[in-house]
Amino acid sequence: MQKSECSGGTQLKNRVTGNDDQRTSSGTQIKHRNAVQRSKSSLSTSSPESAGKLHPRPSDKLNPKTINPFGEQSRAPSAFAAIYSKGGIPCRLVHGSVKHRLQWECPPESLSFDPLLITLAEGLRETKHPYTFVSQEGFRELLLIKGAPEKAVPLLPRLIPVLKAALVHSDDEVFERGLNALVQLSVVVGPSLNDHLKHLLTSLSKRLMDKKFKEPITSALQKLEQCGGSGSLSIIKSKIPTYCSICC
């Protein structure tokens, strides 16, 4: 009787222990699955992409993907382009069927040259339309008005460095616009340009080595001598010894 009871107790104990082992094993599996899920969740949230979605960087708002920070459209406009777009140049380009022209908001005769003439001279270094046309044509038309010499001469100390910047520019078309503007200015101010001429001749001397510029530069030098009088020849010869005077 005692042996039977012991056997029954042992079986009961085994069943209880088995149940406990099953529950322990089941609990271990659940904990393992939870740990795996937490690990996957941690990996997904710690990835750069998900981190960016959950916590967007301040730079994402400043540089959206649709904008290339190094693209042409993101570059700041030049000073002349900015002034023109804000209406600081009192004229606009009119597209004609044959050629373009400028339309002034008021008669050019009534305009002050300071700082308009200098701003237009700075625009000679532009390489995009319509700024190229507006700057060179505006500069030319201002110098044609009555009283232009009296308005332009006081500005020469500020105009010469701007014209020099165009003459040393690597773009050939910019150089040509600068050369034409220099000749136009010389016609208006005459001998007053002589005191500043030496600052421009070095650039012309370098370009003379280029065959395609030899003729237009020579023609420009002759015009500078003609407008500058006898005093201009010695200045030109000091910087460009090979120059032949128009008086020879």
Side-chain angles (χ1 to χ4, degrees), residues 62-64 66-190 192-193 195-197 199-200 203-204 220 224 227:
L62 298 175
N63 298 312
T66 54
I67 297 177
N68 180 5
F70 302 102
E72 186 72 21
Q73 68 275 11
S74 64
R75 295 179 185 174
S78 65
F80 182 83
I83 293 173
Y84 181 78
S85 64
K86 293 178 181 179
I89 310 297
C91 61
R92 283 293 177 268
L93 172 64
V94 177
H95 294 274
S97 57
V98 179
K99 63 179 182 178
H100 304 321
R101 65 181 181 86
L102 289 183
Q103 179 176 338
W104 294 89
E105 297 175 0
C106 55
E109 293 80 4
S110 64
L111 296 173
S112 172
F113 275 27
D114 188 7
L116 181 57
L117 188 65
I118 298 172
T119 302
L120 290 168
E122 290 173 344
L124 296 172
R125 300 197 302 273
E126 294 290 335
T127 57
K128 292 183 178 180
H129 185 77
Y131 312 124
T132 53
F133 180 84
V134 172
S135 59
Q136 65 178 339
E137 185 63 17
F139 187 88
R140 186 187 72 84
E141 291 188 14
L142 272 188
L143 290 178
L144 290 177
I145 68 169
K146 185 179 180 180
E150 292 79 8
K151 293 182 177 183
V153 169
L155 299 179
L156 286 177
R158 293 157 62 192
L159 270 175
I160 297 306
V162 178
L163 290 179
K164 182 179 179 180
L167 292 173
V168 299
H169 201 282
S170 59
D171 189 288
D172 290 346
E173 292 184 358
V174 172
F175 170 77
E176 289 174 350
R177 287 194 291 271
L179 185 64
N180 291 334
L182 175 60
V183 172
Q184 293 160 7
L185 183 64
S186 176
V187 172
V188 172
V189 301
S192 297
L193 186 62
D195 293 337
H196 311 275
L197 199 55
H199 301 295
L200 305 171
S203 304
L204 301 186
L224 292 174
C227 297

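Keep in mind that what you see is a predicted model, and the values were worked out from it rather than measured. These values consider heavy atoms only, across backbone and side chains, with no hydrogens, waters or symmetry-generated copies.
Here the CZ-OG1 distance, from F113 to T119, works out to 12.5 Å after rounding to the nearest 0.5 Å. Annotation: the span from H199 atom NE2 to L193 atom CG amounts to 10.5 Å, rounded to 0.5 Å. Taken to the nearest 0.5 Å, the SG atom of C91 stands 6.5 Å off from the CG atom of L120. Here the CD atom belonging to Q184 is positioned 10.0 Å from the CG atom belonging to L163, to the nearest 0.5 angstrom. In this structure, I160 CD1 and D195 CG are separated by 10.0 Å, a value rounded to the nearest 0.5 Å. From L155, atom CG reaches atom CD1 of I118 across 4.5 Å, with rounding to the nearest 0.5 Å.
You'll find the side chain of I89 reaches within 4.5 Å of the side chain of L116, heavy atoms only. You'll find the side chain of L102 reaches within 4.5 Å of the side chain of F133, heavy atoms only. Between V189 and L143, every side-chain heavy-atom pair lies at or beyond the 4.5 Å cut-off. Within the 4.5 Å cutoff, side-chain heavy atoms of L93 are placed close to those of H129.
The aromatic rings of F80 and Y131 sit perpendicular, their planes meeting at an angle over 60°, well past the 30° parallel limit.
Heavy-atom neighbours of K151 NZ from other residues, nucleotides or ligands within 6.0 Å: above the threshold of 12. More than 12 heavy-atom neighbours from other residues, nucleotides or ligands sit within 6.0 angstrom of CD on E109.
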What verdict does the side-chain contact (heavy atoms from CB on, under 4.5 Å) test give for L159 and H196, after you've listed the backbone C-alpha separation in whole Å, the side-chain angles of each residue and the deciding distance to 0.1 Å?
CA-CA 10 Å; L159 270 175; H196 311 275; over 6 Å; no
What verdict does the side-chain contact (heavy atoms from CB on, under 4.5 Å) test give for L179 and L204, after you've listed the backbone C-alpha separation in whole Å, the side-chain angles of each residue and the deciding distance to 0.1 Å?
CA-CA 9 Å; L179 185 64; L204 301 186; 3.7 Å; yes
Go through the steps to decide whether S192 and L156 satisfy the test side-chain contact (heavy atoms from CB on, under 4.5 Å), and finish with yes or no.
CA-CA 8 Å; S192 297; L156 286 177; 4.0 Å; yes
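A pairwise comparison of heavy atoms in G87 and R92 identifies CA-NH2, 3.4 Å as the closest pair. Across every non-hydrogen atom of E122 and V162, the tightest pair is N-CG1, 3.4 Å. Across every non-hydrogen atom of P154 and P157, the tightest pair is O-CD, 3.6 Å. Scanning both residues, F139 and A121, for their nearest heavy atoms gives CE1-CB, 3.9 Å. When all heavy atoms are compared, the tightest approach of A220 to V183 is CB-CG2, 3.6 Å. The two residues G123 and S135 come nearest to each other via the heavy atoms O-OG, 3.0 Å.
Between the side chain of S186 and the backbone N or O of L182, no donor-acceptor pair lies under 3.5 Å.
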